[in-house]
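Inspection log for the structure reproduced underneath, given as structure tokens.
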Amino acid sequence: MLLRPYTPADLDELLTLFYETVHTVNARDYTPPQLDAWAPREVDRARWDSTLQAHTSLVAVEAGQIIGFGDIDTTGYLDRLYVHKDHQRQGVATALCDALEAAVTAPVLTTHASITARPFFIRRGYTVVRAQQVERFGVVMTNYVMKKQR
């Protein structure tokens, strides 16, 4: 597995990975309407590309295929972290998180973790600040504000 910086040419593959991962891996913790609101078929491609370019964004590549990606901003906010549905529990998220966390100097790291991802972040030393209800497209779902002190 190789980690490399995101490029705009990666966007289509990232969006497919995002959609498929949310709709399969997160299906045990969220309802179909919640999955559709979180990961709709159509997303704001320009906004995704813009934020991925503005943040430190990495993709994990194996055998020429993107198997994961993540991004973090300069304040230490870990925005996205997704691993291909067929590459779960293979160290991809750990490698991405290690590299993303090392790329910023913020004394506190934060993320908004899904129900599914919460145990992963707890194992990494993040603590739950609070559960929250977020609304997307009129659909409410739970996630967790989590922080890690360095």
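Everything numeric in this text was worked out from a predicted model, so none of it was measured.
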Could you tell me whether a side-chain N or O of Tyr30 sits under 3.5 Å from a main-chain N or O of Ile115, the two making a donor and an acceptor? yes
Taking everything shown except Glu135 itself, do over 12 heavy atoms lie less than 6.0 Å from its CD? yes
Original post:
Any donor-acceptor pair under 3.5 Å linking the side chain of Thr21 with the backbone of Phe18?
Top reply: no
Heavy-atom closest pair (Asp73 atom, Val104 atom, distance to 0.1 Å) is O-CG1, 3.4 Å
- For Gln133 and Thr142, test the side chains for any donor-to-acceptor distance below 3.5 angstrom and give the result as yes or no. yes
- Pair Arg41, Tyr19: side-chain N/O donor-acceptor within cut-off below 3.5 Å: yes
Note to self: Main chain of Val108, side chain of Gln149: is a donor-acceptor contact present, judged purely on distance under 3.5 Å?
What the structure shows: no
Worksheet entry | Arg124-Thr94 side chain donor-acceptor pair, cut-off 3.5 Å | no
Discussion item. Please say yes or no: joined through hydrophobic side-chain contacts below 4.5 Å, possibly via intermediate residues, are Phe120 and Ile122 part of one cluster?
Written reply: yes
- Message: Taking Ser57's backbone N and O only, do any of them form a donor-acceptor pair with His55's side chain (distance below 3.5 Å, no angle check)?
- Response: no
Here the gap from Tyr144 atom OH to Ser114 atom OG, rounded to the nearest 0.5 Å, amounts to 9.5 Å
- Check step by step if side chain to side chain contact (heavy atoms under 4.5 Å, CB included) holds for Phe69 and Tyr82. CA-CA 6 Å; Phe69 71 96; Tyr82 293 94; 3.7 Å; yes
Exam field: side chain Ser50 to backbone Ala46, donor-acceptor pair closer than 3.5 Å | no
message = Under a 3.5 Å distance rule, please check whether Arg150 uses its side chain to pair with a backbone N or O of Glu101 as donor and acceptor.
response = yes
Output for pair (Leu78 CG, Ile72 CD1), nearest 0.5 Å, gives 5.0 Å
*asked:* Pairing donors with acceptors under 3.5 angstrom, does anything connect the side chains of Gln34 and Thr31?
replied: yes
Practice item. Would you confirm whether Tyr126, through its side chain, and Val145, through its main-chain N or O, come within 3.5 Å as a donor-acceptor pair? Key: no
